[in-house]
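One structure is given below, encoded as structure tokens.
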2 protein chains.
Amino acid sequence: MSASRNNSSDQRRSGTVNIRDVASRAGVSIATVSRVVNHIATVDAELARRVWKAIEEVGYVPNTQARALVSGRSRMLGLIVSEITNPFFPELVQEFENLAVAQGYEVLIGSTNYEPVRTESLIRRMLQRNVDGVAVMTFGIEEDLVQKLVEREFPLVFVDAGPALPNIRVLKVNYAEGIRQAVQHLAALGHRHIAFISGPLRLRSAVARRDAFLKSMAELGQIVPPEHMVEGNHTMEGGMAAMEHLTGLAELPTAVLCSNDMTAIGVLHALYRTTHKVPEDISVVGFDDIHLAQFMLPPLTTVQMSCKHLAAAAVEALRAGIESDHPKAAQTEWHIPTQLVVRQSSAFPRGTLPALVERNAGKRKGAATKRNK
Amino acid sequence: MSASRNNSSDQRRSGTVNIRDVASRAGVSIATVSRVVNHIATVDAELARRVWKAIEEVGYVPNTQARALVSGRSRMLGLIVSEITNPFFPELVQEFENLAVAQGYEVLIGSTNYEPVRTESLIRRMLQRNVDGVAVMTFGIEEDLVQKLVEREFPLVFVDAGPALPNIRVLKVNYAEGIRQAVQHLAALGHRHIAFISGPLRLRSAVARRDAFLKSMAELGQIVPPEHMVEGNHTMEGGMAAMEHLTGLAELPTAVLCSNDMTAIGVLHALYRTTHKVPEDISVVGFDDIHLAQFMLPPLTTVQMSCKHLAAAAVEALRAGIESDHPKAAQTEWHIPTQLVVRQSSAFPRGTLPALVERNAGKRKGAATKRNK
DNA sequence: GCGGCTTCAGAAATCGTTTCCTAGCCTTCG
DNA sequence: CGAAGGCTAGGAAACGATTTCTGAAGCCGC
């Protein structure tokens with residue numbers, strides 16, 4: 001009698017074909033169908049074939065919600081970024097998503113727009129959707145929420161440094177190396193007055209980049225006057241405003257290092273408006289190496305932070321937290337390299353060795369660092 | 001006896017607090033808790049207060065999967081875009097997401113990278129996740145999949161024109177108006193040789209923009225030679241290649257209209273490499289008005305297609321399809337306006353009225369069209 | 001004072017899976 | 001030849017909600 005109710009050639013809700021339909025069609029139990037679908041080996045080859053055939057015929061698609069409900073895992077990953085409209089992040093999202101999908105996960109994306117409140121509400125929303133883990137590629141998460149999640153052993157991945165708690169995985173970006181290369185590159189060109197436009201200093205990674213700059217300058221014996229350290233906000237508008245501030249100074253720096261490429265684009269725009277020439281009047285260096293950078297006028301010298309690396313590390317770190325038998329389950333740190341890419345927005349400062357500039361500008365770039373083809 | 005098993009002050013799985021925990025804490029049944037959470041009015045105010053208190057105390061969060069399983073609705077929307085790394089789409093995604101979240105929906109994002117195969121697999125993945133509806137902001141979906149979805153009365157929203165089937169909602173962008181404004185703007189400046197770099201012509205919206213261009217030119221009595229119609233692919237690389245093709249021609253056009261802003265950025269870069277000056281040597285006009293456009297060197301004259309409008313229409317159209325009592329449930333078309341925004345990448349062609357160029361370039365812009373502040 | 005109607009809360013069925021447990025069958029070994 | 005043990009497949013119990021149905025009050029009117 002139960003068979004007569006379950007065996008539904010006429011489905012109760014239109015378009016919904018479920019595991020029971022497959023089972024009755026193949027003449028097996030739903031448990032067997034489940035085993036076949038999940039590739040559990042303990043099922044007879046002949047039966048499995050019949051099940052696959054039935055699945056094909058009725059057009060069965062497993063219901064993810066039901067599956068998640070009982071298994072307790074949703075195979076969804078959360079990815080929280082600072083600002084989806086900053087081109088660096090779509091590039092990261094794309095890489096992340098491709099990798100995640102290839103490994104059978106879906107991705108839920110959230111953008112905080114640099115508002116700490118949003119980070120929390122995003123995480124809550126994602127938890128409600130039962131994501132298996134969250135990668136936080138921004139800042140602003142409150143300690144006590146993290147604390148709770150850690151207690152639940154919920155897989156979390158942070159960039160740079162999360163709160164100092166166990167069971168959190170961290171992607172450590174080697175800002176110092178890239179920034180050091182950039183500073184040395186500028187110094188080698190003859191720059192002595194290098195300004196720095198930072199990101200919003202609430203952001204850990206922005207502070208890290210700024211500190212790396214100061215350290216590199218100090219290593220060269222250079223003291224940076226405070227008026228050459230400007231806080232931006234990682235947007236073009238911020239870069240523009242910061243550069244306008246710098247051009248208003250009595251002593252204009254001969255080079256500007258920016259905390260990200262969007263800032264650098266804003267700087268280029270500000271210099272365009274004040275008719276300063278780049279790189280003749282002033283050199284500009286970015287950070288991130290977004291795809292756009294090489295299309296700027298002039299193409300932007302910048303520090304590359306590999307999206308591919310970052311995304312791959314994030315996915316791996318999440319899986320390490322989710323799957324208890326993951327080979328890297330015990331690993332807590334992933335290291336992401338950075339590297340200077342020299343293009344045409346950096347050159348000898350005006351007045352120094354003009355002849356050399358003319359002759360060597362082409363050959364000079366990318367000497368010890370990555371060559372831009 | 002069942003009470004002793006369900007009443008779990010010690011939860012069976014760590015961190016999972018469910019409706020039963022709330023019920024036993026508040027001393028009510030799970031049905032009542034459900035009613036309270038869903039704001040169903042037939043529950044006593046005092047009881048409701050007790051339930052809310054219990055919810056607060058145990059930190060209850062409803063399990064979305066279970067809810068979706070029984071209610072048949074997931075409150076998730078799918079959004080499929082052409083290419084997430086084209087800055088237009090993150091802007092759209094952001095607007096869409098903000099609106100959706102404000103209305104209680106979550107968003108699943110997919111990027112096809114212009115591969116038709118991916119559109120299909122994306123839709124399938126989204127269906128598997130039980131999204132309530134999908135907005136397809138790109139092309140390449142196969143008719144028979146759509147046919148199946150239409151039969152299931154699955155809410156679908158297309159841009160421009162989906163397959164001609166009932167029960168599909170369409171966002172019609174008025175490309176013709178924006179393109180016409182752009183062409184007339186260039187013509188008014190004195191341009192007679194205007195080239196057009198299209199998008200990939202498999203894409204409906206790319207064809208629509210191209211046709212609008214040809215029509216506008218025809219209205220002015222201008223015939224466009226075939227070598228001035230170049231097919232691009234909506235990327236910077238495509239724009240660059242297309243422009244390189246154009247600069248190789250015997251007769252260089254005096255203006256180039258691009259099917260989107262990324263193409264225009266590629267064009268600017270190509271012209272930079274060939275040391276052509278914009279707008280003195282050649283005028284460049286884009287389409288989309290991405291945020292980046294105003295920061296280009298020079299700031300890009302472009303046709304604005306409002307993300308806000310588009311996103312709002314998409315969300316509204318989806319909800320109209322999902323919620324049977326929606327006020328616009330019967331509406332099948334939404335109209336999206338476009339409008340020229342004049343900036344500094346367009347000017348009089350070299351040789352014509354040079355004096356006027358000098359004197360009027362500043363005042364001229366934005367005469368009959370939107371003024372860029 | 002009692003019957004019927006309204007209101008509100010609880011019991012139980014259901015959604016579509018996974019997974020544990022058990023029953024049968026076949027093999028193998030004593 | 002019989003008992004033990006290993007496979008395989010099915011039955012049934014979860015998973016955490018919604019929702020229908022049922023039943024117990026309370027109130028009103030006759």
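What you see below is based on every heavy atom in this structure, not just the backbone, and it leaves out hydrogens, waters and symmetry mates. Letters A, B, ... mirror the listed sequences (proteins, then strands); counts begin at 1.
- Minimum interatomic distance between A329(A) and S324(A) (heavy atoms only, all atoms of both residues): CB-O, 3.9 Å.
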Return the polar atom pairs (N/O with N/O) between nucleotides 6-8 of chain D and the protein under 3.5 Å, or none.
none

Applying side chain to side chain contact (heavy atoms under 4.5 Å, CB included) to R67(B) and N38(B), what does each step give before you reach the verdict?
CA-CA 11 Å; R67(B) 190 177 265 187; N38(B) 292 294; 4.0 Å; yes
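- The CD-C1' distance, from E46(A) to dA9(D), rounds to 14 Å in whole Å.
- Contact check, N18(B) against dG16(D): a side-chain N or O comes under 4.0 Å of OP1 or OP2.
- Counting non-hydrogen atoms of other residues, nucleotides and ligands closer than 6.0 Å to NE2 of H326(B) gives a total above 12.
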Does the pair R75(B) and R73(B) meet the rule for a side chain to side chain contact (heavy atoms under 4.5 Å, CB included), with working shown?
CA-CA 6 Å; R75(B) 295 196 78 81; R73(B) 292 195 21 207; 3.2 Å; yes
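- Between the side chains of Q331(B) and R169(B), no donor N or O sits under 3.5 Å from an acceptor N or O.
- Rounding to whole angstrom units, CG of residue L69(B) and C1' of dC15(D) are separated by 9 Å.
- In this structure, CZ of R20(A) is placed 14 Å from C1' of dG10(D), rounded to the nearest angstrom.
- Classification of E120(A) and K148(A) as a salt-bridged pair fails, no side-chain N sitting under 4.0 Å from a carboxylate O.
- More than 12 non-hydrogen atoms from other residues, nucleotides or ligands lie less than 6.0 angstrom from CD of E46(B).
- At whole-Å resolution of the value, CG in N63(B) and C1' in dG16(D) are 6 Å apart.
- Side-chain N/O atoms of Q94(A) and N113(B) include a donor and acceptor closer than 3.5 Å.
- At a threshold of 4.0 Å, the pair R125(B)-E97(A) counts as salt-bridged, since one of the basic side-chain nitrogens sits closer than that to a carboxylate oxygen.
- The terminal axes of the helix from dG1(C)-dC30(D) to dG30(C)-dC1(D), fitted over 5 pairs per end, subtend an angle of 60° to the nearest 10°.
- When all heavy atoms are compared, the tightest approach of P155(B) to I322(B) is CG-CG1, 3.8 Å.
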What N/O pairs connect the protein and nucleotides 18-22 of chain C at under 3.5 Å? Give each pair on its own line.
| unit_1 | atom_1 | unit_2 | atom_2 | d |
| --- | --- | --- | --- | --- |
| dT18(C) | OP1 | N38(A) | OD1 | 3.4 |
| dT18(C) | OP1 | N38(A) | ND2 | 3.0 |
| dT18(C) | OP1 | R67(A) | NE | 2.9 |
| dT18(C) | OP1 | R67(A) | NH2 | 3.4 |
| dT18(C) | OP2 | S34(A) | OG | 2.5 |
| dT18(C) | OP2 | N38(A) | ND2 | 3.4 |

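- The side chain to side chain contact (heavy atoms under 4.5 Å, CB included) test with F89(A) is passed by exactly one of T138(A), L79(A), I109(A), V81(A): V81(A).
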